[in-house]
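Counting starts at 1 for both ligands and their atoms, in listed order. In this chain, numbering begins with 1 at the start of the sequence shown.
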Amino acid sequence: MALIVHKYGGTSMGSTERIRNVAKRVAKWARAGHQMVVVPSAMSGETNRLLGLAKDVSPAVQTPAVTRELDMIACTGEQVSVGLLSLALQAEGMEAVSYSGWQVPIRTDSSYTKARIQSIDDARVRADLEAGRVVVITGFQGVDEDMNITTLGRGGSDTSAVAVAAAMKADECLIYTDVDGVYTTDPRVVPEAKRLNTVSFEEMLEMASLGSKVLQIRSVEFAGKYRVPLRVLSSFTPWDIAIEEEAKSGTLITFEEDEKMEQAVVSGIAFNRDEAKLTVMGVPDKPGIAYGILGKVAEANIDVDVILQNVSHDGKTDFSFTVHRNDYQRTLDLLKSQVVPAMGAEAVIGDTKICKVSIVGIGMRSHAGVASTMFRALSDEGINIQMITTSEIKTSVVIDEKYMELAVRALHKAFGLDAA
Ligand code: ADP
Ligand code: ASP
Ligand code: MG
């Protein structure tokens, strides 16, 4: 008997019929003798709908007072899901009980809309499992020390599931979604994308952080920190397929590097449309520019991603960086009101029509010339690179958003992934 955590995403929970299917699949695992904890997301589209309602009522900038209420609203999607799934399990003849994050409790910090899980008390869940119940816990939500409800950021149910699996020392965490595993790139953008049987933890971490939303980055971080056996697989296979078959389908996240040594230099292409670029123009070029600009941005709790400082002309330089699109307006206002006057800069310009495309692969560590293959492939398509950033196992470029799909397809081909 093993302790297994299943996570079902929004599409997998998208209708009452699908929820009944999820219940059948979970019941199959429970009947095979496993202790089951299930973490569902809100039904597809529900979180967007709820946040849309909030926006209609208050388009206000996201102060803590506003984001607290956003979490109060957004978390309800998952609450409906756990109740429905628990009922569906009962209809299958299982004993099942549902919990909200605060009932477990799943404790988080107080960063509304992007809270981090700090601890999970597993006593109540364990008691239920011991009593033979299937436990259904809301994804995406937690509670801070003052009993305020928090949410974990978009896609956060993945993180809830992996964190619960880590806290319970589960034997495996299975992430059921609407694709049958992790692909070389988003199969909805490149139909030639190939499913990976395994992907190393480090590559998965980079892919998630660079925009592959198949797993939320923090779920991958948890899996790495607590060595949670993690697999991504489809919830759209027939619910009654053999457990042995299911248990080896999809993509396994591996922690051993050696296995990957002989594999492709580049394992995957990630892309991200969620960033915006800001440029402070004509800054007098002297020591302290980066701190003068980015220090203020950091004080406002805004995360910066790619940074570029140009060579100077006549003692002046341009300084560009990217932030999340949600932070764009706030950053622009801050630069105009505080940074430009303080630094004696000439102007600020912004661009929200950019995207970041990245190649990821452990093999990049030991192969030269990978970045130049990337730049050639983009240049062959006439795509202008605005910014570049690299690390040991990835290279990212910022380009015009309208070339995103073209760039992803060209890179997928250039690195032999179409043929993989
Ligand atoms: P869920 O609701 O199950 O959490 P998500 O929409 O969050 O599902 O994540 C699954 C989606 O991630 C897929 O439908 C796919 O379009 C997208 N995706 C992006 N990159 C990849 C990738 N490299 N491999 C597989 N899917 C990817
Ligand atoms: N329902 C939340 C969202 O849409 C969390 C999740 O689906 O993982 O972002
Ligand atoms: Mg998701």
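Heavy atoms of Gly77 stay at 4.0 angstrom or farther from ligand 2. Residue contacts with ligand 2: Gly139 is excluded, as none of its non-hydrogen atoms falls under 4.0 Å. For Gln216, the closest heavy-atom approach to ligand 2 does not fall below 4.0 Å.
Between the side chain of Arg195 and the main chain of Gly250, a donor-acceptor pair closer than 3.5 Å is present.
Screening residues 45-60 for salt bridge (charged side-chain N to carboxylate O under 4.0 Å, His left out) gives Glu46-Arg49 as the qualifying pairs, with residues at least two apart or on separate chains. For residues 373-391, there are no salt bridge (charged side-chain N to carboxylate O under 4.0 Å, His left out) pairs, not counting sequence neighbours. Contacts classified as ring-ring contact (aromatic ring centres under 6.0 Å, His included) and involving residues 145-184 (residues at least two apart or in different chains) are given here: His6-Tyr176, Tyr8-Tyr176.
Considering both main-chain and side-chain atoms, Lys7 never comes within under 3.5 Å of ligand 2 through any nitrogen or oxygen pair. When only interatomic distances are considered, the shortest N/O to N/O separation between Gly10 and ligand 2 does not fall below 3.5 Å. Considering backbone and side-chain atoms together, Glu78 places an N or O closer than 3.5 Å to an N or O of ligand 2.
A salt bridge between Asp351 and Lys353 is absent, with no side-chain N of the basic residue lying under 4.0 Å from a carboxylate O of the acidic one. Between Asp333 and Arg330 no salt bridge is recorded (no basic side-chain N to carboxylate O distance below 4.0 Å).
Using a 4.5 Å heavy-atom threshold, the side chains of Phe222 and Ile117 count as touching. In this structure, Asp318 and Val280 have side chains that are not in contact, with every pair of non-hydrogen atoms separated by 4.5 Å or more.
Of the protein's non-hydrogen atoms, Arg154 NH2, 2.9 Å is the one closest to atom 4 (O) of ligand 2. Nearest protein neighbour of atom 7 (O) of ligand 2, counting heavy atoms only, is Ser41 OG, 3.2 Å.
Ligand 1 is surrounded by Lys7, Gly9, Gly10, Thr177, Asp178, Val179, Gly181, Val182, Tyr183, Thr185, Asp186, Pro187, Arg188, Met207, Ser212, Lys213, Val214, each with at least one heavy atom closer than 4.0 Å.
Between the side chains of Arg20 and Ser15, no donor-acceptor pair is found at a separation under 3.5 Å. A side-chain donor from one of Ser235 and Ser12 sits under 3.5 Å from a side-chain acceptor of the other.
Listed by atom number, the atoms of ligand 2 under 4.0 Å from Gly155 heavy atoms are 3 (C), 5 (C), 6 (C), 8 (O), 9 (O).
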